[in-house]
Visitor: 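Below is the structure I would like to discuss, written out as structure tokens.
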Amino acid sequence: MTTMTCAPDPTDAAEPADAPDPTEANLALVRRAYRAFHERDVAALLETLDPQVEWVHPHGMAEYGLGGTKHGHAGVREFLSRVPAVLGGMRLQPEEFVASGNRIVVFGVRQVTSVRGTTRTLPFIHSWTLRAGTAVRMEDVFDTVVFQCLIES
């Protein structure tokens, strides 16, 4: 029996050594999204999101119009337009970014103020899925019971 070893096809293009690291590009994109959110710049936020993005929040927030999956830029706009009716304010503070392949998971806290003025610091986890330079999914994970108590306070 003969064993044959094949050399790589010289016509296969190897990735150049100076090609940008996709992980770094993904991290930069997610950081841009948080900066846009912090600046209340919806247009800049949407630039980081795929036109068909899935914007996912816990179903426990549905009674406030903030739960479930919103689709596309229109769905994100609809979600963001509901927030002022439910909350007096919110500031996100991402603290740790963990990247693996096309996924970035962000651990952080948010300062949330109810419409009546009560403010609490609540933890969050955001799971971002990225493809071709845009976010195709963002899932927000948090304790909905504590969040609902704050909304009602």
Side-chain angles (χ1 to χ4, degrees), residues 13 15-153:
E15 193 168 311
D18 61 346
D21 179 358
T23 300
E24 287 304 316
N26 286 344
L27 284 166
L29 179 83
V30 170
R31 285 189 172 104
R32 268 190 14 237
Y34 284 109
R35 189 170 40 256
F37 191 84
H38 178 77
E39 294 169 357
R40 309 247 188 290
D41 187 342
V42 174
L45 174 63
L46 294 177
E47 286 175 9
T48 68
L49 306 177
D50 185 85
Q52 302 304 314
V53 67
E54 292 180 333
W55 190 259
V56 185
H57 287 78
H59 288 287
M61 299 302 290
E63 75 178 271
Y64 304 102
L66 302 177
T69 302
K70 309 296 186 218
H71 296 277
H73 288 180
V76 173
R77 279 192 199 95
E78 174 194 338
F79 173 87
L80 294 173
S81 73
R82 285 285 307 141
V83 173
V86 177
L87 298 173
M90 180 168 50
R91 288 281 185 203
L92 297 177
Q93 292 178 277
E95 296 177 335
E96 182 180 0
F97 295 75
V98 180
S100 179
N102 68 343
R103 174 78 48 94
I104 295 179
V105 177
V106 180
F107 298 87
V109 295
R110 59 181 132 216
Q111 271 58 40
V112 183
T113 303
S114 72
V115 292
R116 294 177 188 88
T118 303
T119 300
R120 299 223 14 224
T121 301
L122 305 174
F124 70 80
I125 300 169
H126 289 163
S127 175
W128 296 81
T129 304
L130 302 116
R131 189 174 306 118
T134 62
V136 296
R137 180 179 173 90
M138 192 293 297
E139 184 171 0
D140 191 357
V141 180
F142 58 90
D143 184 337
T144 58
V145 172
V146 173
F147 210 98
Q148 288 173 5
C149 288
L150 177 61
I151 289 170
E152 300 298 329
S153 67

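Any value given below was found using the heavy atoms of this structure, including those in side chains, with hydrogens, waters and symmetry copies removed. Note that the structure is a prediction, hence the values are computed from the model and not measured. Position 1 is the first residue of the sequence, and the numbers go up from there.
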Visitor: Other residues, nucleotides and ligands only: do more than 12 of their heavy atoms fall within 6.0 Å of CZ on Arg131?
Guide: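 Check fails, neighbour count at 12 or below.
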Visitor: Would you name the heavy atoms of Asp50 and Gln52 that are closest together and state the gap between them?
Guide: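 The answer is OD2-N, 2.8 Å.
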Visitor: Quick check: closest heavy atoms across Phe79 and Leu66, and the distance to 0.1 Å?
Guide: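 Looking at all heavy atoms of both residues, the closest pair is CE1-O, 3.4 Å.
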Visitor: Testing Phe107, Tyr34, Phe142 one by one against His126 for a ring-ring contact (aromatic ring centres under 6.0 Å, His included), which residue passes?
Guide: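 Only one of Phe107, Tyr34, Phe142 forms a ring-ring contact (aromatic ring centres under 6.0 Å, His included) with His126, namely Tyr34.
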Visitor: Please report the closest heavy-atom contact between Pro58 and Asp140, naming both atoms and the distance.
Guide: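 Heavy atoms only, the tightest pair is CD-O, 3.3 Å.
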Visitor: Between Ser127 and Arg103, what is the shortest heavy-atom contact and its length?
Guide: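 Nearest heavy atoms, Ser127 then Arg103: OG-CD, 3.1 Å.
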Visitor: Can you tell if the side chain of Val30 reaches within under 4.5 Å of the side chain of Leu130, non-hydrogen atoms only?
Guide: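 In short, these two side chains touch, coming nearer than 4.5 Å.
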Visitor: So, for Leu49 and His73, which heavy atoms are closest and what is the spacing to 0.1 Å?
Guide: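 In this case the closest contact between Leu49 and His73 is O-NE2, 2.9 Å.
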Visitor: Determine the minimum heavy-atom distance between Leu87 and Ile151, stating which atoms define it.
Guide: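 In terms of heavy atoms, the two residues are closest at CD2-CG1, 3.8 Å.
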Visitor: Decide if atom CZ of Arg120 counts as having more than 12 heavy atoms of other residues, nucleotides or ligands within a radius under 6.0 Å.
Guide: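 Counting neighbours around CZ of Arg120, 12 or fewer heavy atoms of other residues, nucleotides or ligands fall under 6.0 Å, so no.
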Visitor: Kindly indicate, with the supporting measurements, whether the criterion ring pair (Phe, Tyr, Trp, His ring centres under 6.0 Å) is fulfilled by Phe97 and Trp128.
Guide: CA-CA 10 Å; Phe97 295 75; Trp128 296 81; 9.3 Å; no
Visitor: Among Val76, Asp41, Thr134, exactly one meets side chain to side chain contact (heavy atoms under 4.5 Å, CB included) together with Leu46. Which residue is that?
Guide: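 Running side chain to side chain contact (heavy atoms under 4.5 Å, CB included) over Val76, Asp41, Thr134 with Leu46 returns exactly one hit, Val76.
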